[in-house]
Student: 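This is the structure I want to talk about, given as structure tokens.
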Protein chains: 2
Amino acid sequence: MTEFQTISRKEQIIVTAAQLFKQKGYEASSMRDIALVLNMEAASLYHHIKSKEEILELICFTMAQKFLAAIAEVNDIYFNAEEKLRKAILHHVEIITEDINKSAVFLREWRSLPENSLKDFMFLRNHYESEFTHIIENGMQEDIFENVDKKFAVLSILSSVNWINEWYQADGKMNAAEIAKKISDFVMGGLRKKMVTDPHYRP
Amino acid sequence: MTEFQTISRKEQIIVTAAQLFKQKGYEASSMRDIALVLNMEAASLYHHIKSKEEILELICFTMAQKFLAAIAEVNDIYFNAEEKLRKAILHHVEIITEDINKSAVFLREWRSLPENSLKDFMFLRNHYESEFTHIIENGMQEDIFENVDKKFAVLSILSSVNWINEWYQADGKMNAAEIAKKISDFVMGGLRKKMVTDPHYRP
DNA sequence: AAATTTGCCTAACAATCGTTAGGTAAAATG
DNA sequence: CATTTTACCTAACGATTGTTAGGCAAATTT
């Protein structure tokens, strides 16, 4: 019964930290703040974690891996470009809504990572972005996407899906799938080639 | 020659602070950091400004006023909805690219505002957002925009234009007008009604 | 039952934080 | 020339920061 069904103390610390980091920011959250929520002393935290920076690293890189695993899965399985993009957006929204605290830290607080980690983190982030770019390229090759500026398309899409972190509340009426569909529809409207020469086309 | 053609010491402090706040975040930037760049002592800063928080407030509210003035101008002058939206996006991009440091603070660091200012700031922000929503509503009434979810459309548009703050460099090849056009085109593609019943229509 | 590990505690550290007080030399003003 | 104002300085303050050291009781392992 040591760690079955129950959450480890280390994970409790990370979860609490993520909540505070989202609320007040990494720099403004102290180890004593974290400890207070957990009814313990700041010094006791160091029995489970190495440093404050380690907490930030754990959150940022765990989230980065989730995002990368999701996009890799999408690109592995065969879909056409629109399916790929819709699935990629869906998984992205799912990961964000599953844990808004950790995703807020991933999206906003990564700047506070120590120099070495920061380099690695930005590499992973760029890799994720380039996977999205490939989907857009595919779509243009398949001639189902407009010949748009790839860079702008990817940045617009990613900024839209990331922005949900600013307003999403878990108790809200929409679930991840509904949010993803609305964003995808909006984005697709801008990307999907309008077949105006086909009289039977319906938008 | 007291303040003609030259920049006041107070403004120098604010400009320096904005640069540091963007680079390392408000909480991680110390008064001593700011003073170091200006070749002075931290205590001397207080001859020109009241507190560290005042610097943040000055930056955030100055930027907020710029954004609000721009959108008010757009909505005052008569344009159709597409023109309005394109102008609004253009002005937004112009303000951001004119001073990426202060806009970064406006976009990211406002969370560190003291409670009272924070309330006012969020009110202004919501007001700006609602002005955009009105444009979308106009476009739907004029029947030139798809019947999209307003909330999502506005959030997607604003997140896209705000995201340029993350990658824009003043020495880059694109100017504000070019960036605004690309974003507008991408957004419009998703908003503009496709007149498929008209055989002469060209996208 | 003895030995070890786990999980917390108190106390304290050096460093850094924003800010205030009081002084001083140069510049502006009368 | 005398006076006031401006723009800085040094020194120091109380508070807070992340972190370490050492101890102690309960739980676990041997």
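In what follows, every chain begins at residue 1, and chains take the letters A, B, ... in the order their sequences are listed. Given the structure is predicted, the values throughout are model-derived calculations rather than measurements.
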Student: Show me the donor-acceptor pairs within less than 3.5 Å that the side chains of residues 53-60 of chain B make with the rest of the protein, sequence neighbours left out.
Tutor:
from: B/E54; atom 1: OE1; to: B/K50; atom 2: N; distance (Å): 2.8
from: B/E57; atom 1: OE2; to: B/S117; atom 2: OG; distance (Å): 2.3

Student: What nucleotide among C/dC17, C/dT20, D/dT17 has an atom nearest to a side-chain atom of B/Y46?
Tutor: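 Selected nucleotide: C/dT20.
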Student: Using atom CD1 of A/I34 as one end and atom C1' of D/dT17 as the other, report the distance to the nearest whole Å.
Tutor: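 Those two atoms, CD1 and C1', are 12 Å apart.
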Student: Provide, to the nearest angstrom, the distance between the CG atom belonging to A/D33 and the C1' atom belonging to D/dT17.
Tutor: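 To the nearest whole Å, that distance equals 11 Å.
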Student: Considering only distance and modelled atom types, tabulate donor-acceptor pairs under 3.5 Å from the side chains of residues 128-136 of chain A, sequence neighbours left out.
Tutor:
from: A/Y128; atom 1: OH; to: A/H92; atom 2: ND1; distance (Å): 2.6
from: A/S130; atom 1: OG; to: A/H127; atom 2: O; distance (Å): 2.8
from: A/E131; atom 1: OE1; to: A/N75; atom 2: ND2; distance (Å): 3.2
from: A/T133; atom 1: OG1; to: A/E129; atom 2: O; distance (Å): 3.0
from: A/H134; atom 1: ND1; to: A/S130; atom 2: O; distance (Å): 3.4

Student: Check nucleotides 6-10 of chain D for protein N or O atoms closer than 3.5 Å to its own N or O atoms and list the pairs.
Tutor:
from: D/dA7; atom 1: N7; to: B/H47; atom 2: NE2; distance (Å): 2.8
from: D/dC8; atom 1: OP1; to: B/R9; atom 2: NE; distance (Å): 3.2
from: D/dC8; atom 1: OP1; to: B/R9; atom 2: NH2; distance (Å): 3.3
from: D/dC8; atom 1: OP2; to: B/R9; atom 2: NE; distance (Å): 3.3
from: D/dC8; atom 1: OP2; to: B/H48; atom 2: NE2; distance (Å): 3.3
from: D/dC9; atom 1: OP2; to: B/E41; atom 2: N; distance (Å): 2.7
from: D/dC9; atom 1: OP2; to: B/S44; atom 2: OG; distance (Å): 2.6

Student: Separation of B/L45 atom CG from C/dT19 atom C1', in whole Å?
Tutor: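 Between C1' of C/dT19 and CG of B/L45: 11 Å.
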Student: Quick one: list whatever passes side chain to side chain contact (heavy atoms under 4.5 Å, CB included) with A/E178, sequence neighbours left out.
Tutor: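 Scan of A/E178 (side chain to side chain contact (heavy atoms under 4.5 Å, CB included), adjacent residues dropped) gives A/M174, A/N175.
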Student: With sequence neighbours left out, what residues match B/S44 under side chain to side chain contact (heavy atoms under 4.5 Å, CB included)?
Tutor: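 Residues passing side chain to side chain contact (heavy atoms under 4.5 Å, CB included) with B/S44: B/M40, B/E41.
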Student: If you take any heavy atom closer than 4.0 Å to DNA chain C, which residues from residues 22-31 of chain B end up in contact?
Tutor: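 Those residues are B/S29, B/S30, B/M31.
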Student: For residues 104-113 of chain B, run the donor-acceptor check on the side chains, cut-off 3.5 Å, and write out each pair with its distance to 0.1 Å, sequence neighbours left out.
Tutor:
from: B/R108; atom 1: NH1; to: B/K22; atom 2: O; distance (Å): 3.2
from: B/E109; atom 1: OE1; to: B/Y26; atom 2: N; distance (Å): 3.0
from: B/W110; atom 1: NE1; to: B/L107; atom 2: O; distance (Å): 3.1
from: B/R111; atom 1: NH2; to: A/E166; atom 2: OE1; distance (Å): 3.0

Student: Could you tell me which residues satisfy side chain to side chain contact (heavy atoms under 4.5 Å, CB included) with A/E142, sequence neighbours excluded, listed by chain and number?
Tutor: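 Checked A/E142 against side chain to side chain contact (heavy atoms under 4.5 Å, CB included); matches are A/N80, A/A81, A/N138, A/I144.
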Student: Rounded to whole Å, how long is the line connecting atom CZ of A/R32 with atom P of C/dC9?
Tutor: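 Atom-to-atom, A/R32 to C/dC9, this comes out as 13 Å.
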Student: Is there a donor in the side chain of A/S159 and an acceptor in the side chain of A/N162, or the other way round, less than 3.5 Å apart?
Tutor: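 No - no donor-acceptor pair under 3.5 Å links their side chains.
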Student: Send over the distance from A/I49 CD1 to C/dG7 C1', rounded to a whole Å.
Tutor: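 About 14 Å, once rounded to whole Å.
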Student: Please enumerate all residues that pass side chain to side chain contact (heavy atoms under 4.5 Å, CB included) together with A/T16, with sequence neighbours excluded.
Tutor: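 Expected list: A/L20, A/I34, A/V37, A/L38.
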